[in-house]
**Student:** 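For reference, the structure I am asking about is given below.
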Amino acid sequence: MIIKKMIIYGYGKWIDTEFDIDASFQLFFGENEAGKSTIMSFIHSVFFGFPTRHSSLNRYEPNESSRYGGKIIIQDKRFGEVSIERVSGKVTGDVVVQLEDGTTGNEAMLTTLFYNKTRSFYESIYSFDLKGIENIQNMGKEQLNRFFLSVGALGHEKYLKQADYYNAQADKLFKPMGRNPKINQLKAALKSKAIEVEKAKEKNETYIDLMKQHIEKQEQLKIIESKLSKTEKELNYFDQLSRHEETLAEIDEIKAYLKNKPVLKLPEDGLYQLRQINNDTESYQNEINERQERQKNLQKEYKPSKELVLYQENEEHLKQFENNLDFWEDQAHSLQLKMKDLGNIEQMIAEMKIREDISLSDSLPIELKTSELDYLNTTRERLEKSEVELSDLQDKQKNLTHKININNDMIDKIEPKLLSLSGFNKLKEMNEEGGEPGKGKRQSHLVPMIASAVTFFSSIYLFTVEPVYGVAIFILFIVLTYATWREHSSLNKQENKEQHTYYEQKNLRSQWKEMLAMNDVYQSEYKDTLNQINRLETTKQLIQKDFGQWKKDHLFPASITLLNIDEKRDIYEKIRELSNKEAGVKQTIETIETKLNNHLSDFERVFKRDFLTENTLEKFKEMRNIYREIKNEQRGMQEYIKQTETIQNEINYFVGKVNELKSTKQQFIHSLELEREEDVYDIYAEQDIIQEKRMRLSMLLAKLPPRDDQNEIKYEVTNLDVNMKKLSEEKRTLLEQQKEINKNIMADEMTLKQLEDGGLYSEILQTFENEKSYYQEIVYKWTTFKTAAGIIEKTLHYAKKDNLPQALSVAETYFSFLTNDKYKKLQFEQETLFIIDKWGNKWKSEDLSRGTVEPLYISLRLAFVKTAKEKIQFPILIDDPFVNLDNQRVKKMYELLSKFDENIQIIYFSFDPRIQAFIGDDKYVYLN
């Protein structure tokens, strides 16, 4: 069974909260009051019901919500995914259980789901915290067996309940210290009735005297029978002893050795105590040595410096300076600010000079007069006018150059197309001779055309008179007409081409001449413009030359121009202002430095030392650091005194402890009536030899035939036959005495019977016997109940596998792992659990330290869970029980839990950051 999800409607501080649990080992981490115990209680309440209002457990009813309870979704190997929802209702709440197949149920189904186990069973094994982890300490071997019986006989719990019922019925009949059970009441009544019988007997003196004699004879008979029985046993025993002569001889030898040895009552753990005292003494002495070493180191560390000594010698004089230290701090701060201002001004002046290309070492230009300003304005106007005219001429020059280039390109394109002059004149002449183009050619074609017309009309006439001649003449007409058309077309094409060439050449020559003429005009204008440009540039050079000489005369840099001289003059004016300001700041700095240096010189004289630097601020800073170091050293000396007192107190404490241990050791040695520590080891060594002899004697005695009494053997082997004859004679005498006394007792009984018949005494005696009989019946009934319960438990013990040895074996493995193999074995002797370490020493659990006993109880619990996992599986809830363990055992504990069993879920609640370091983010929920 594992928990997959928790949905809290309202429980304590948790309102409408969900937790998904994906890992088999899940950590809920948070500080105190984060709600860890609340979540653990929520799981218990949903599984087993809310605590009643009269219970000592907290119900965790929410203050800020009307809803109380929640839902837990689990995964069970029998029923699959199961939802358990419990809300307020009856005292323990109303629960609804829904299985994976949709089946729903209530408390009965929940009881089946949890194997009919109760809350107390779950909390005793599967849920524990720092306090609850030690509950298993109170479980003895029988209780542990009963627990495994409950788990192992899972199908037979009704028989266990029946056994509990029989035990309860038996307790109703009798309790050793009870008053109300029936047997206890009957016993008291019988005692009272026996007193009444005795009183009735006392009424008859004869009866009493006779009864006394009768009792005395019975006592004598008992003594004789006892002696007879003892004699017979002795006789039989000596007969058996005669078969162990060698063993008896060794026994006599050991007894002879032990006879002269005194019985020493030495403490069992005396040597352990002595070694522990020596170890503790050495430990305390180490602590003393360590603190003495620390004291020496402190003396070296806090050795007063030369400055502190001089300060203490001149403290009265230096106090006056120290009282005015705030004033000088202000002066130093003011000096620092002024030096910073000076540095800023110098930097600004240097930056402005560098930016304006003024040498840092050169003087600034002189301030200009009105006449010089007029010169600058006139010169600037002349230069600006010349630049405007020059700009216009340069634009005109560019336009003319462009036009010339375009004309030249056009001329270059036209000239390849022009015919030679002779070719053009020839074409011109041909065009002028022909008049209109194609006129002469048309006249030359007129005759064929007339002939064709005559032929056409003749063919029409003959076709009407003579069809054959008409057809022939008509064909002739067609041939003449086609020939005339082809010739006429060819002549027209030729004429048109020549005429087009002529006009084209004529136009090209006209354009070529115009462009040549325009080029001449452009070249003339270009030459005039170029002359004007040269004249203006010469004028500009003269102006610039004159202005350059003026700049030299007035100390202006060569980079200044007429256009930016006014802007530069403003900058020079700012530089002059900064220079004046610089001089004032330097004067202030000099005044402050003079005052500070006078006081710093006094400081140097007192402390008999020179400053490491000539800078006033650095000297003041050094002086201030010396004062600060002196003050720190004074505070350190106070701390030194405090630490020294603390260390001395610790030394005194440990010295007292050493003296106490020495006194304890001397008392222990004197308690053994010894003088030296070496004698203690010798006497314990002798005690070990005596113990071995006694153990050997016990072993030899165990080989001898068993005796009913505990008397030692008083006979040597050589006297066994004599003793046996003596015992045989004593037996015969005792038999005769027994026979004689029995006769007398029978006679007395007959006489007493006659006295008891009839009368009040007989009625009282009869009533007493009846009540005695009824008492026997009730006792028989009580015996029946106890026997039945015992038979059931014995039967189930035989029916189940014996889980306790297996659980102890698993617990041994866990405990050995947690203690780094220091403790190897666990075993029960009667009802006491013993732990055996790797050296074979036995320890009770109460003798172990808390850091060791807690892993023991955890190992036992986990072993129970591991052993019972095939029968029953529940999630394990752990609420921070490991705070008393050191870091190594916490790490070991986490390794054990994380690898415990992947099928058994562990939900761990902690505020210990050590366990948090071992957990991955996927197994970790932080509770804020």
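The analysis underlying the following values was restricted to heavy atoms, covering all of them including side chains, and did not include hydrogens, waters or symmetry mates.
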**Student:** With sequence neighbours excluded, what pairs up with T231 under the side-chain hydrogen bond (donor to acceptor under 3.5 Å, both in side chains) test?
**Tutor:**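 T231 satisfies side-chain hydrogen bond (donor to acceptor under 3.5 Å, both in side chains) with no residue once adjacent residues are dropped.
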**Student:** Which residues pass the side chain to side chain contact (heavy atoms under 4.5 Å, CB included) test with R696, sequence neighbours left out?
**Tutor:**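 With neighbours one apart ignored, the set is E250, I254, M699, L700.
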**Student:** What pairs meet the salt bridge (Lys or Arg N to Asp or Glu O under 4.0 Å) rule with one or both residues in residues 655-667, with sequence neighbours excluded?
**Tutor:** K665-E677
**Student:** Would you say K892 has more than 12 foreign heavy atoms packed within less than 6.0 Å of its NZ?
**Tutor:** yes
**Student:** Name all residues meeting the side chain to side chain contact (heavy atoms under 4.5 Å, CB included) criterion together with N58; count only those two or more places apart in sequence or in a different chain, and write none if there are none.
**Tutor:**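 So N58 forms a side chain to side chain contact (heavy atoms under 4.5 Å, CB included) with Y60.
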**Student:** Taking only residues two or more places apart in sequence or in another chain, which ones pass side chain to side chain contact (heavy atoms under 4.5 Å, CB included) with L271?
**Tutor:** R275, V680, Y681, Y684
**Student:** Crowded around E895 CD? As in, over 12 foreign heavy atoms under 6.0 Å?
**Tutor:**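 Yes.
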**Student:** The criterion is salt bridge (charged side-chain N to carboxylate O under 4.0 Å, His left out); which residues satisfy it with E650, sequence neighbours excluded?
**Tutor:** R291
**Student:** With sequence neighbours left out, what residues match N236 under side-chain hydrogen bond (donor to acceptor under 3.5 Å, both in side chains)?
**Tutor:**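 Partners of N236 by the side-chain hydrogen bond (donor to acceptor under 3.5 Å, both in side chains) criterion come out as none, since no residue qualifies.
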**Student:** Quick one: list whatever passes side-chain hydrogen bond (donor to acceptor under 3.5 Å, both in side chains) with E232, sequence neighbours left out.
**Tutor:** none
**Student:** Counting only heavy atoms not in K866 (residues, nucleotides, ligands), do more than 12 fall under 6.0 Å from its NZ?
**Tutor:** yes
**Student:** Could I get the full list of side-chain hydrogen bond (donor to acceptor under 3.5 Å, both in side chains) partners for S816, not counting sequence neighbours?
**Tutor:**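 S816 satisfies side-chain hydrogen bond (donor to acceptor under 3.5 Å, both in side chains) with D821 once adjacent residues are dropped.
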**Student:** Taking only residues two or more places apart in sequence or in another chain, which ones pass salt bridge (charged side-chain N to carboxylate O under 4.0 Å, His left out) with K36?
**Tutor:** none
**Student:** By ring pair (Phe, Tyr, Trp, His ring centres under 6.0 Å), which residues pair with F29, not counting sequence neighbours?
**Tutor:**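 Applying ring pair (Phe, Tyr, Trp, His ring centres under 6.0 Å) to F29 gives none.
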**Student:** How many angstroms lie between CG in L228 and CG in L221, if you round to the nearest 0.5 Å?
**Tutor:**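 Output value for this atom pair is 10.0 Å.
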**Student:** For K222, what residues pass the salt bridge (charged side-chain N to carboxylate O under 4.0 Å, His left out) criterion, not counting sequence neighbours?
**Tutor:**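 Scan of K222 (salt bridge (charged side-chain N to carboxylate O under 4.0 Å, His left out), adjacent residues dropped) gives none.
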